[in-house]
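Notes to accompany the following structure.
Just so it is clear, the values below take in all heavy atoms, side chains as well, and ignore hydrogens, waters and symmetry mates.
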Amino acid sequence: VYAFNSFIKLGASGSGDNSVIYSAPYSSMAYATGTLGKTNQAFSVSGAVPDGETALLEALMNYLAKKGIKISGKPLPSLYFAINAKPVPVATQELTTFQSVGLDSVVYWFLQKSINLYGEALAKSLAFNAGKTGETEAGTDIIREFWASKGIDKDAVRIKDGCGLSPQNRVTAKSLVQVLQYARRQSWFYAFYDGLPLIHDIKMKSGTIGGVKSYAGYLTNRNGKTYAFSLIVNNFTGTANSVMQKMWSLLDVVVNSK
C-alpha cells in the first residue's frame, strides 16, 4: 500500500472498535472508516494487505539485499504473468525450504486472533486437497457437505467465505452447537478447545459484524456440568458493548446454576 487514507472518527466512550480498513485487491490505496470508542487503553486495528504476494517478494528481495545478494529488476508476482498471458517461470534451483507449523497451531491462532487470512486459506486448502481448484466457493461447498453428512441441515449453514466477513453468511445457533458437540467427541478436541479464547472466564469464540454479536463455546456450571452453547443477537440497538454485557449476564446465570 502506497497511500493510506483514514476517515476514522472518535466514537462514544465504551462503544469499542467499529472501524473498517479496506482496499481493492492489488490496489495501491487503502481506506479506514468508522469509529473508535474513546478509551485510555492503547489498542491496534489490523487490515489485510491488498497484494500479499508482492509484499512477500519485496520483503524477500530486501532481506537478500541486506545479506549481500543482489537481484536485478523488480520482483514479478503471478498476476503480472496472468495479465500478460505469459507462463509463470519454473524454479530451477531450490534455495531453502520453510515448513509450516502444524494445523493445531494454525487453528489456535485463527481462533485466538480471528486472522481472516487463515480462514480463507483453510477454505481454499480444503478444496485444493480434495482435487479441486483452490477457490473459496469450492472449499465452502466441501464444508457444507461435511456438516450435512453429520446431520446438520444445509440451510442452517450458508457460508460465502472462509473468514465470516460476508454479510451473506447465515449460520444458526443450533448448527453451531451441533458443531461444538461433534468436536467434543473427537480425538483432536483438546487442541481445538485450547485454541478457544478465554472471554469473561469462559472458553468461547466471539463473532462481530455490523448489527450482530455472537458467542459460541463451552461453559461449566457450579455443579461441574459442561454445556456447549451459542448466542447470536441480530440487528441489535444500542452499543456493541451494552449487548455484550447483557450476553455475559445471561451466561453468568448458566454458570451459577445448580
TODO: Could you name each residue pair satisfying side chain to side chain donor-acceptor pair (under 3.5 Å) that touches residues 50-68, not counting sequence neighbours?
DONE: Asp51-Thr54, Glu53-Ser78
Kindly say whether [Y] contributes a backbone atom to a donor-acceptor pair with the side chain of [X] at under 3.5 angstrom?
X: Arg170; Y: Ala156; value: no
X: Asp194; Y: Ala191; value: no
X: Gln168; Y: Lys160; value: no
X: Asn223; Y: Lys225; value: no
X: Asn84; Y: Lys86; value: no

TODO: Count the heavy atoms belonging to other residues, nucleotides or ligands that lie under 6.0 Å from CZ of Arg158, then report whether that count exceeds 12.
DONE: no
- [ ] Inspect the surroundings of CG in Asn234 and state if more than 12 heavy atoms from other residues, nucleotides or ligands are less than 6.0 Å away.
- [x] yes
TODO: Check step by step if ring-ring contact (aromatic ring centres under 6.0 Å, His included) holds for Phe189 and Tyr218.
DONE: CA-CA 12 Å; Phe189 170 72; Tyr218 305 90; 5.3 Å; yes
Task: Value rounded to 0.5 Å, distance of CD1 in Ile152 from CD in Gln178 - done: 4.5 Å
Open item on the list: Let me confirm one number: the CG-OG1 distance from Asn5 to Thr33, rounded to the nearest 0.5 Å.
Closed with: 11.5 Å
- [ ] Would you please test Lys9 and Thr35 for side-chain hydrogen bond (donor to acceptor under 3.5 Å, both in side chains) and show each step?
- [x] CA-CA 5 Å; Lys9 297 181 179 180; Thr35 63; over 6 Å; no
Open item on the list: For Lys205 and Ser114: C-alpha separation, side-chain torsions, deciding distance, then whether side-chain hydrogen bond (donor to acceptor under 3.5 Å, both in side chains) applies.
Closed with: CA-CA 9 Å; Lys205 183 74 182 76; Ser114 295; 2.5 Å; yes
Task: Distance-minimising heavy-atom pair for Ile21 and Ala32 - done: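 Shortest heavy-atom separation between Ile21 and Ala32 comes out as CG1-CB, 4.1 Å.
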- [ ] Could you pull out the closest heavy-atom pair between Phe110 and Ile115, with the gap in Å?
- [x]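 For Phe110 versus Ile115, the nearest heavy atoms are CD1-O, 3.3 Å.
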Taking distance alone, no hydrogens or angles, what donor-acceptor pairs closer than 3.5 Å link side-chain atoms of residues 128-143 to residues at least two apart or in another chain?
from, atom 1, to, atom 2, distance (Å)
Asn129, ND2, Ser125, O, 3.2
Thr136, OG1, Glu120, OE1, 3.3
Thr136, OG1, Lys124, NZ, 3.2
Thr140, OG1, Thr136, O, 3.3
Thr140, OG1, Glu137, O, 2.9

TODO: Kindly state whether the ring of Tyr118 and the ring of Tyr108 have centres lying under 6.0 angstrom apart.
DONE: no
Please list, one pair per line, the donor and acceptor atoms closer than 3.5 Å that link side chains of residues 241-258 to other protein atoms, with sequence neighbours excluded.
from, atom 1, to, atom 2, distance (Å)
Ser242, OG, Thr239, N, 3.4
Ser242, OG, Thr239, O, 2.7
Ser242, OG, Thr239, OG1, 3.2
Trp248, NE1, Tyr215, OH, 3.3
Ser249, OG, Gln245, O, 3.0
Asp252, OD1, His200, NE2, 2.9
Asp252, OD2, His200, NE2, 3.2
Asn256, ND2, Asp252, O, 3.0
Ser257, OG, Val254, O, 2.6

